[in-house]
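When a residue number appears, it is its place in the shown sequence, counting from 1. On a predicted model such as this, the values are computed, not experimentally measured, just so you know.
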Amino acid sequence: MTGKHHMLAVAVIYFIMGAVGIVSSLILLAAGAAPSLWNAFWSLCYVVGAYYFLRGSTVARTFLIIMSAIGAIAFITILSLSQGKTTFSLLLLFLGIGSAYCFHALKFSLPLNAEFDQRAASYRSETERAKQRFYDEMEGKGNGG
């Protein structure tokens with residue numbers, strides 16, 4: 001797989017996990033039950049992290065690496081404690097494999113790291129240009145422009 005495909009795969013996994021959490025919270029809210037605010041918050045963080053990861057944010061990449069490591073360990077630990085509940089075990093196995101893949105791709109994939117470095121450089125130059133335009137505009141207003 002190319003670095004672009006690894007990036008898209010990681011982002012899609014986190015978009016899906018975040019969307020499932022947000023939708024489940026909205027369904028509970030619509031049904032009159034109290035949704036877990038932590039679930040909704042972390043689901044939103046997953047979606048935002050995946051978006052900024054695709055743009056080249058190093059902070060978002062670090063966040064996703066940490067969440068992938070925690071997720072893989074947590075899902076595998078819970079799987080070992082599920083005591084043969086087949087449907088629940090399959091779901092946890094799927095989530096654990098997804099988290100483990102994300103961790104491996106984010107941390108060890110050379111093509112992903114090369115693609116990420118290119119996107120990060122592009123994102124930084126875009127941000128610097130936007131800052132410079134803002135400063136130029138503010139300077140023009142300050143001089144009576």
Ion pair Arg129/Glu126, N-O distance below 4.0 Å | no

Does Glu137 come within less than 4.0 Å of Arg133, counting only side-chain N to carboxylate O?
->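 Looking at Arg133 together with Glu137, the answer is no, because their closest N to O distance does not fall below 4.0 Å.
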
Are [X] and [Y] linked, directly or through other ILVMFWY residues, by side chains that come within less than 4.5 angstrom of each other?
{"X": "Ile13", "Y": "Phe108", "result": "yes"}
{"X": "Val20", "Y": "Ile27", "result": "no"}
{"X": "Leu28", "Y": "Leu26", "result": "no"}
{"X": "Tyr52", "Y": "Ile16", "result": "no"}
{"X": "Tyr46", "Y": "Ile70", "result": "no"}

Hey, are the side chains of Met17 and Trp42 touching, using non-hydrogen atoms and a 4.5 Å cut-off?
-> no

Output a table of donor-acceptor pairs, distance under 3.5 Å, between side-chain atoms of residues 30-41 and any protein atom two or more places apart or on a different chain; print 'none' if there are none.
{"residue": "Ser36", "atom": "OG", "partner": "Asn39", "partner atom": "N", "Å": "3.2"}
{"residue": "Asn39", "atom": "OD1", "partner": "Ser43", "partner atom": "OG", "Å": "3.4"}

Nearest 0.5 angstrom please: [X] [atom1] to [Y] [atom2], how far?
{"X": "Met7", "Y": "Phe116", "atom1": "CE", "atom2": "CZ", "value": "6.0 Å"}
{"X": "Leu112", "Y": "Asp117", "atom1": "CG", "atom2": "CG", "value": "9.5 Å"}
{"X": "Leu54", "Y": "Lys4", "atom1": "CG", "atom2": "NZ", "value": "10.5 Å"}

Verdict with supporting geometry, Phe75 and Phe94, ring-ring contact (aromatic ring centres under 6.0 Å, His included) = CA-CA 9 Å; Phe75 289 129; Phe94 174 72; 9.7 Å; no

Any donor-acceptor pair under 3.5 Å from Thr127 side chain to Tyr123 backbone | yes

Heavy-atom donor-acceptor pair, Ser99 side chain to Gly96 backbone, under 3.5 Å | no

Can you name the closest pair of heavy atoms from Val47 and Ala19 and give their distance?
->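 Taking every non-hydrogen atom into account, CG2-N, 4.0 Å.
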
Results of salt bridge (charged side-chain N to carboxylate O under 4.0 Å, His left out) for Arg124 - residues two or more places apart only = none

Show me the side-chain donor-acceptor pairs of residues 60-69 shorter than 3.5 Å, one per line, residues at least two apart or across chains.
{"residue": "Arg61", "atom": "NH2", "partner": "Leu106", "partner atom": "O", "Å": "2.5"}
{"residue": "Arg61", "atom": "NH2", "partner": "Asn113", "partner atom": "OD1", "Å": "2.7"}
{"residue": "Thr62", "atom": "OG1", "partner": "Thr58", "partner atom": "O", "Å": "3.0"}
{"residue": "Ser68", "atom": "OG", "partner": "Tyr14", "partner atom": "OH", "Å": "2.6"}
{"residue": "Ser68", "atom": "OG", "partner": "Leu64", "partner atom": "O", "Å": "2.7"}

Neighbour count >12 (heavy atoms, 6.0 Å) for atom CZ, Phe15 =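 Yes, because the 6.0 Å sphere around CZ of Phe15 holds more than 12 heavy atoms from other groups.
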
